[in-house]
J.: 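Below: one structure in structure tokens.
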There are 2 protein chains.
Amino acid sequence: MKRHVLIFGLVGGLLIATLQYTQYRFVVIEHSVELYSALVAVLFSAFGIWLGLRITRRRETIVVREVLVPATGGGAAPGAAFVPDVATQQRLGVTARELEILALIASGLSNREMAAQLFVSENTVKTHCARVFGKLGEARRTQAVQRGKEMGLLP
Amino acid sequence: MKRHVLIFGLVGGLLIATLQYTQYRFVVIEHSVELYSALVAVLFSAFGIWLGLRITRRRETIVVREVLVPATGGGAAPGAAFVPDVATQQRLGVTARELEILALIASGLSNREMAAQLFVSENTVKTHCARVFGKLGEARRTQAVQRGKEMGLLP
DNA sequence: TGGAAAATCATCCGAAAGGGTGACGACAAG
DNA sequence: CTTGTCGTCACCCTTTCGGATGATTTTCCA
């Protein structure tokens, strides 16, 4: 990355120098700034395109297809029921109810559905959501679910 | 593509006009061409990078490589990169772009963030969302993610 | 080279989600 | 008895999401 910045600087400097030089040649010509501008624009657009391609080189996404031997079955709960990371949970101050809400969020329920399932009001669900979002440091339910999985709070 | 050329022309023309205007302001200042040049360089470099990213987001060449794994059933498959179930994907008619969107949804991004990351408009992201939701038979993003995981479209 | 598929973008509108705040009751601990 | 925590509920407001629909452009294949 530093190399690109360096190249950028070099090209810029070179161009400035070139302009300095050409300025003396065309100093008598009026309205030559537009010419310079166009030149610089085209040049640096090309450079930008090159740079954009360079720094975002298409990494070949090699997809490794797993052919599972029919054993435990990877996806769902493999035998033993999931055990949330109690240490992490207590460290974050996540209560049991909030974790329950988070799990329901992860299963894709809406606030209304959660409220119906837990026999509480939708507002309560929203409060729990807000609390657990705050404790996880996330703002959206999808993010919170992702975070919960990373931290061992969710299967 | 034509639109990009058009945008290029517009930006260029706008800049030329701006320079024309500012030239009268700084006409008394010597050596201001360097300033113009630097301005134009930075501006069009950014534009070029954007354009380069924009017009070259070609379909990533997916190389499917089948590998036998012992089916440990662990959570995050170590080592092996993930593996969308191509059969399921094609059966549902989920395009690569839509699957990409679904993966970003699963990682917790909002539509706006996805749009910024993919260099498309938020509306486009929403369209992709709606399509993939329809194909998965779900209505909410959390549900769609859950479904995608169950069906092997997501890790 | 023409058409199908896919991707892109847009607009309108309603629903859902989220932030902030305040409040009330239960319950355990001091 | 006071205090703190937790669960519960409510209100208002803004943001985000999702559905429906139409249009244009790009890509790809026959």
Side-chain angles (χ1 to χ4, degrees), chain A residues 58 89-147, chain B residues 1-7 50-62 89-148:
Chain A
R58 189 66 44 185
Q89 180 184 352
Q90 290 194 353
R91 181 170 55 81
L92 295 176
V94 176
T95 69
R97 192 62 155 173
E98 288 162 358
L99 187 59
E100 188 180 1
I101 291 285
L102 183 61
L104 291 180
I105 290 177
S107 70
L109 273 62
S110 69
N111 288 345
R112 186 160 301 174
E113 290 166 343
M114 282 187 278
Q117 184 166 329
L118 297 177
F119 295 100
V120 298
S121 83
E122 194 177 336
N123 289 311
T124 300
V125 174
K126 289 172 68 174
T127 300
H128 287 311
C129 285
R131 294 247 178 85
V132 77
F133 291 167
K135 288 171 183 174
L136 286 179
E138 302 292 347
R140 280 178 293 282
R141 50 211 294 126
T142 45
Q143 270 187 339
V145 168
Q146 184 70 6
R147 204 92 149 91
Chain B
M1 189 58 190
K2 290 176 184 173
R3 271 184 49 209
H4 297 126
V5 178
L6 183 64
I7 292 176
W50 172 80
L51 186 62
L53 292 178
R54 194 71 181 61
I55 65 181
T56 64
R57 53 182 152 57
R58 70 177 83 85
R59 222 153 311 297
E60 46 192 71
T61 57
I62 296 180
Q89 181 185 350
Q90 290 194 353
R91 180 170 55 81
L92 295 176
V94 176
T95 69
R97 192 61 154 175
E98 288 162 359
L99 187 58
E100 189 180 2
I101 291 284
L102 184 61
L104 290 180
I105 289 177
S107 71
L109 272 64
S110 70
N111 288 345
R112 186 160 303 175
E113 291 166 341
M114 283 188 277
Q117 185 165 329
L118 296 179
F119 292 96
V120 297
S121 83
E122 195 175 336
N123 289 312
T124 301
V125 174
K126 288 171 67 175
T127 300
H128 286 310
C129 284
R131 294 247 177 85
V132 77
F133 291 167
K135 288 171 182 174
L136 287 178
E138 301 292 347
R140 281 179 293 282
R141 50 212 292 127
T142 45
Q143 270 186 340
V145 168
Q146 183 70 7
R147 204 92 150 91

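So you know, we letter chains A, B, ... as the sequences are listed, proteins then strands, and number each from 1.
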J.: B/Phe119 has an atom CZ; how far is it from atom C1' of D/dT25, in whole Å?
T.: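 After rounding, the reported distance stands at 20 Å.
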
J.: NA contact type, B/Thr95, heavy-atom cut-off 4.0 Å: base, sugar-phosphate, or nothing?
T.: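 Sugar-phosphate: the residue B/Thr95, judged by heavy atoms under 4.0 Å, touches backbone atoms but no base.
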
J.: Can you name the side-chain hydrogen bond (donor to acceptor under 3.5 Å, both in side chains) partners of A/Gln143, sequence neighbours left out?
T.: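 In terms of side-chain hydrogen bond (donor to acceptor under 3.5 Å, both in side chains), with neighbours along the sequence ignored, A/Gln143 is linked to no residue.
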
J.: Which residues pass the side-chain hydrogen bond (donor to acceptor under 3.5 Å, both in side chains) test with A/Gln89, sequence neighbours left out?
T.: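 Checked A/Gln89 against side-chain hydrogen bond (donor to acceptor under 3.5 Å, both in side chains); zero matches.
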
J.: Taking it one step at a time, do A/Gln117 and A/Arg112 satisfy side-chain contact (heavy atoms from CB on, under 4.5 Å)?
T.: CA-CA 9 Å; A/Gln117 184 166 329; A/Arg112 186 160 301 174; over 6 Å; no

J.: Please check the phosphate of C/dA7 (OP1 and OP2 only) for any side-chain N or O of B/Thr124 closer than 4.0 Å.
T.: no

J.: Tell me, which of residues 99-118 of chain A have any heavy atom that sits under 4.0 Å from an atom in DNA chain D?
T.: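 Residues of residues 99-118 of chain A under 4.0 Å from DNA chain D: none.
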
J.: Would you say A/Leu92 and A/Val132 make side-chain contact, with heavy atoms under 4.5 Å?
T.: no

J.: What integer distance in Å separates B/Lys135:NZ from D/dG19:P?
T.: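 Answer to the nearest Å: 14 Å.
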
J.: To the nearest angstrom, how far is B/Gln89 atom CD from C/dA6 atom P?
T.: 11 Å

J.: Could you work out which one of D/dG19, D/dT8, C/dG18 sits closest to the side chain of B/Phe133?
T.: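 Ranking D/dG19, D/dT8, C/dG18 by closest atom to the B/Phe133 side chain puts D/dG19 first.
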
J.: Find the distance between OG (A/Ser107) and CZ (B/Arg147) and round it off to the nearest 0.5 Å.
T.: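 Output value for this atom pair is 13.0 Å.
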
J.: Does a side-chain N or O from B/Ser121 land closer than 4.0 Å to OP1 or OP2 of C/dC9, or not?
T.: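 Yes, such a contact exists.
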
J.: Pairs in or reaching into residues 123-133 of chain A: which pass salt bridge (Lys or Arg N to Asp or Glu O under 4.0 Å), with residues at least two apart or in two chains?
T.: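 Found none.
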
J.: Show me the pairs that pass salt bridge (Lys or Arg N to Asp or Glu O under 4.0 Å) and involve residues 89-111 of chain A, at least two apart or across chains.
T.: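 Found A/Arg97-A/Glu100, A/Glu98-A/Lys135.
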
J.: Go through D/dC6, C/dG19, C/dT8 for me and flag the one nearest to the B/His128 side chain.
T.: C/dT8

J.: Judged by each residue's nearest nucleotide on DNA chain C, which is more toward the 5′ side, B/Glu122 or B/Lys126?
T.: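 Its nearest nucleotide lies further toward 5', so the answer is B/Glu122.
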
J.: From the list C/dT8, C/dA17, D/dC17, which nucleotide is the closest neighbour of the side chain of A/Arg141?
T.: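 It is C/dA17.
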
J.: Just report the end-to-end axis angle for the helix from C/dT1-D/dA30 to C/dG30-D/dC1, five pairs per end, to 10 degrees.
T.: 50°

J.: Can you figure out which of D/dC9, C/dT8, D/dG19 approaches the side chain of A/Asn123 most closely?
T.: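 The closest nucleotide is D/dC9.
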
J.: Measuring only between side-chain heavy atoms, which start at C-beta, is B/Val145 closer than 4.5 Å to A/Val145?
T.: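 Side-chain contact under 4.5 Å: no.
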
J.: Any non-hydrogen side-chain atom of A/Leu102 less than 4.5 Å from a side-chain atom of A/Val94?
T.: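 No; the side chains remain at least 4.5 Å from each other.
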
J.: What integer distance in Å separates B/Arg97:CZ from D/dC28:C1'?
T.: 17 Å

J.: Listed by chain and number, what are the side-chain contact (heavy atoms from CB on, under 4.5 Å) partners of A/Gln146, not counting sequence neighbours?
T.: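 A/Gln146 satisfies side-chain contact (heavy atoms from CB on, under 4.5 Å) with A/Glu150 only.
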
J.: Taking only residues two or more places apart in sequence, or in another chain, which ones meet B/Thr124 in a side-chain contact (heavy atoms from CB on, under 4.5 Å)?
T.: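 Result, side-chain contact (heavy atoms from CB on, under 4.5 Å) vs B/Thr124: B/Val120, B/Ser121, B/His128.
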
J.: Set out, line by line, the N/O atom pairs under 3.5 Å between protein and nucleotides 22-26 of chain C.
T.:
none

J.: Who pairs with A/Ala115 by side-chain contact (heavy atoms from CB on, under 4.5 Å), at least two apart in sequence or on another chain?
T.: A/Glu122, A/Val125

